[in-house]
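See structure below.
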Amino acid sequence: MITLVPFILIVGVAMLLFLFPERSNEVIGQVRFFFGDTLGSYYLIIGLAVLIVSLFMAFSRYGNIVLGEPNEKPRYNFFTWGSMMFTCGLAADILFYSFAEWVMYATNPHLAEMGGSITEWAGVFPLFHWSFIPWAFYLVLAVAFGFMLHCRKRDKQRYSEACLPVLGEKKAHGLLGRVIDLFALFALLAGTATTFSVATPLMAEIIVTLFGIQLSRTAVTIIILLLTCAVYTYAVLHGFKGISFLAKLCIYLFFGLQILVLLIGGQGRFIIENGVQSFGKMVQNFIGLSTYADPGRTNNFPQDWTIYYWAYWMVWCIAAPFFIGNISRGRTIKQTILGGYLFGVGSTLSSFIILGNYSLGLQTKGAEDFIAMYEASGDLYELIINIMKSMPASTFILVLTMLCMIAFYATSFDSIAYTAACYSYKKLGENEKPNAAITLLWCVLLIVLPVALVFSESSMNNIQSVSIISAFPIGIIMILMIWSFFKDARRYLEELGRKKNAGK
């Protein structure tokens, strides 16, 4: 049921997008409006609450719990662990958005309402939307999964199992548990589809630019999707060894690209100074940014951006936290959360500060007018290519970006395929691995909906809608999981205390 029902649902959705693209996009838009507009505050409240919970987990007595045996040491060193954690949680979207997200904010009326210049605010929102709250989603659930796997040694690697302390065995292993797992897998596939559909056309645009291929962007995008599927399938079939190798390679390429832009782009001073200023402004206004809902609908900014992003990260919370929890054995809860913020948030911020402020610096000095380019064409992919072409050694930058995006996709989706394959088993021991055939099935399944979305030429708005719709039930399940963790962890600490006293 857990494998076949999502498979049938996704194939059904894909067929509808293939056969009735216009009508399908209309329906998706209407459903998105209900969840994202009418119930938007739900996503904002969950985001802020989860961040607070993460800090409580780290600095309360729960922070000292080791994910494993009480005296166990971490399985991976900090760099290897951080590389796998970062790359499993962020696909090639980070590069797509880092280069030019500020342009989309600059054209929104909300910036004018806030007062100040574009330079002052356009660099703030990317840092806000990609930092503390999104990583809080990952890290809180990673702790819940890691505790379930390594402390409680549970042999069902599913969302429903993480809810067992609150639901009880009968409900968690019965119909309600099945429903939770079906929602989780459908959200996983929707998040995958969003990621592939958003960033892959940029890879297609780079290839067309570099080689002058006479094919449509859609055709090249679908070819890239299939090739990327082959790369991550190969990696995941080689287990954690293949995944860790790819993750470290991806990190080297990722930071190599940033260092190159910082050193040779000619905007080094502006990048550092505006990056520091934007970070300070984000921290200073954090609560206001987190709770802004635009009740008068003067700009729809939170509906188009903040709510979409929180939903987007929530649907990615099916695979990424499970994988992070899996590789965090031997670390305390405090080390997992604070290490995750240090490596995950730090790496994310550096990307947006360096790559984003390069083009913002040119705009501010009047050397380029990227805002006018975007307003004239509305084509973000073309804009990003123009930004990269404005750099010294632009051909090398294009090639390096392409390689980095492939590495990001491969490392993100091999962890997703591994997690989804684990879901297909009624029982899977801590050191057991899913069968290669099941893993292969999920590798193929993960590509079906993205190809359908690209083929139907869904707008960015409708691609975002898939995440917002799927995230709504996931928010409820996340609350259940967090509640379950605290209930079970309190019991666990009492058990450890009794053992310690008995030893005396």
Side-chain angles (χ1 to χ4, degrees), residues 25-55 97 101-137 140 187 190 194 278-317 352 371 374-375 378 459-479 482:
N25 288 339
E26 279 177 31
V27 172
I28 287 172
Q30 287 166 1
V31 179
R32 179 242 173 97
F33 179 81
F34 174 72
F35 284 117
D37 192 277
T38 310
L39 303 176
S41 296
Y42 163 82
Y43 299 90
L44 298 178
I45 291 166
I46 285 180
L48 194 54
V50 169
L51 176 63
I52 294 166
V53 167
S54 75
L55 297 174
Y97 283 112
E101 185 170 310
W102 69 267
V103 177
M104 292 184 279
Y105 297 134
T107 58
N108 192 288
H110 182 46
L111 259 68
E113 292 174 0
M114 296 182 80
S117 64
I118 286 171
T119 307
E120 212 174 326
W121 283 105
V124 172
F125 287 105
L127 305 188
F128 171 65
H129 285 146
W130 288 78
S131 58
F132 295 104
I133 287 178
W135 277 96
F137 286 137
V140 164
T194 306
S278 296
F279 181 75
K281 211 166 181 65
M282 187 262 286
V283 172
Q284 183 185 357
N285 294 278
F286 192 83
I287 299 298
L289 295 172
S290 304
T291 54
Y292 178 63
D294 185 28
R297 296 297 184 272
T298 58
N299 52 61
N300 281 314
F301 184 86
Q303 288 72 30
D304 291 340
W305 288 105
T306 309
I307 289 166
Y308 155 62
Y309 268 134
W310 290 183
Y312 181 39
W313 288 78
M314 283 162 71
V315 293
W316 263 82
C317 276
F352 279 91
I371 295 173
Y374 181 59
E375 286 179 330
S459 66
M460 179 77 77
N461 189 54
N462 284 334
I463 291 169
Q464 290 176 353
S465 302
V466 173
S467 285
I468 291 174
I469 295 163
S470 303
F472 189 82
I474 297 305
I476 298 167
I477 298 167
M478 282 170 63
I479 293 166
I482 294 166

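Hydrogens, waters and symmetry mates play no part in the numbers below; they use all other heavy atoms, side chains included.
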#### Entry: Leu44 and Thr291: CA distance, side-chain angles, deciding distance, side chain to side chain contact (heavy atoms under 4.5 Å, CB included) verdict
CA-CA 6 Å; Leu44 298 178; Thr291 54; 5.9 Å; no
Looking only at non-hydrogen atoms, find the nearest pair between [X] and [Y] and report the distance.
{"X": "Ala471", "Y": "Ala311", "result": "CB-O, 3.4 Å"}
{"X": "Ala136", "Y": "Ser54", "result": "CB-OG, 4.2 Å"}
{"X": "Ala106", "Y": "Ile371", "result": "CB-CD1, 3.8 Å"}
{"X": "Gly475", "Y": "Ile46", "result": "CA-CD1, 3.8 Å"}
{"X": "Leu111", "Y": "Ala122", "result": "CD2-N, 3.9 Å"}

Rounded distance (nearest 0.5 Å) linking atom [atom1] of [X] with atom [atom2] of [Y]:
{"X": "Phe352", "Y": "Ser131", "atom1": "CZ", "atom2": "OG", "value": "9.5 Å"}
{"X": "His129", "Y": "Tyr97", "atom1": "NE2", "atom2": "OH", "value": "11.0 Å"}
{"X": "Met314", "Y": "Phe472", "atom1": "CE", "atom2": "CZ", "value": "9.0 Å"}
{"X": "Ile477", "Y": "Ile474", "atom1": "CD1", "atom2": "CD1", "value": "4.0 Å"}
{"X": "Phe125", "Y": "His110", "atom1": "CZ", "atom2": "NE2", "value": "4.0 Å"}
{"X": "Leu127", "Y": "Phe132", "atom1": "CG", "atom2": "CZ", "value": "9.5 Å"}

Identify, with sequence neighbours excluded, every residue that meets side-chain hydrogen bond (donor to acceptor under 3.5 Å, both in side chains) alongside [X].
{"X": "Trp313", "value": "none"}
{"X": "Glu113", "value": "Thr298, Asn299"}
{"X": "Trp130", "value": "Glu101, Tyr309"}
{"X": "Tyr42", "value": "none"}

### side-chain contact (heavy atoms from CB on, under 4.5 Å) partners of Ala112, counting only residues at least two apart
none
### Beyond-backbone contact of Ser290 with Phe128, side-chain heavy atoms, under 4.5 angstrom
yes
### Task
Measure the shortest side-chain to side-chain distance between Ile133 and Val50 over non-hydrogen atoms and say whether it is less than 4.5 angstrom.
no
### Task
Look at the aromatic rings of Tyr312 and Tyr308 and report parallel, tilted or perpendicular, splitting at 30° and 60°.
parallel
### Task
Could you tell me how the ring of Phe137 sits relative to the ring of Trp310: parallel (under 30°), tilted (30 to 60°) or perpendicular (over 60°)?
perpendicular
List, one per line, each side-chain donor-acceptor pair under 3.5 Å for residues 281-289, sequence neighbours excluded.
{"from": "Lys281", "atom 1": "NZ", "to": "Glu120", "atom 2": "OE2", "distance (Å)": "3.2"}
{"from": "Asn285", "atom 1": "ND2", "to": "Lys281", "atom 2": "O", "distance (Å)": "2.8"}

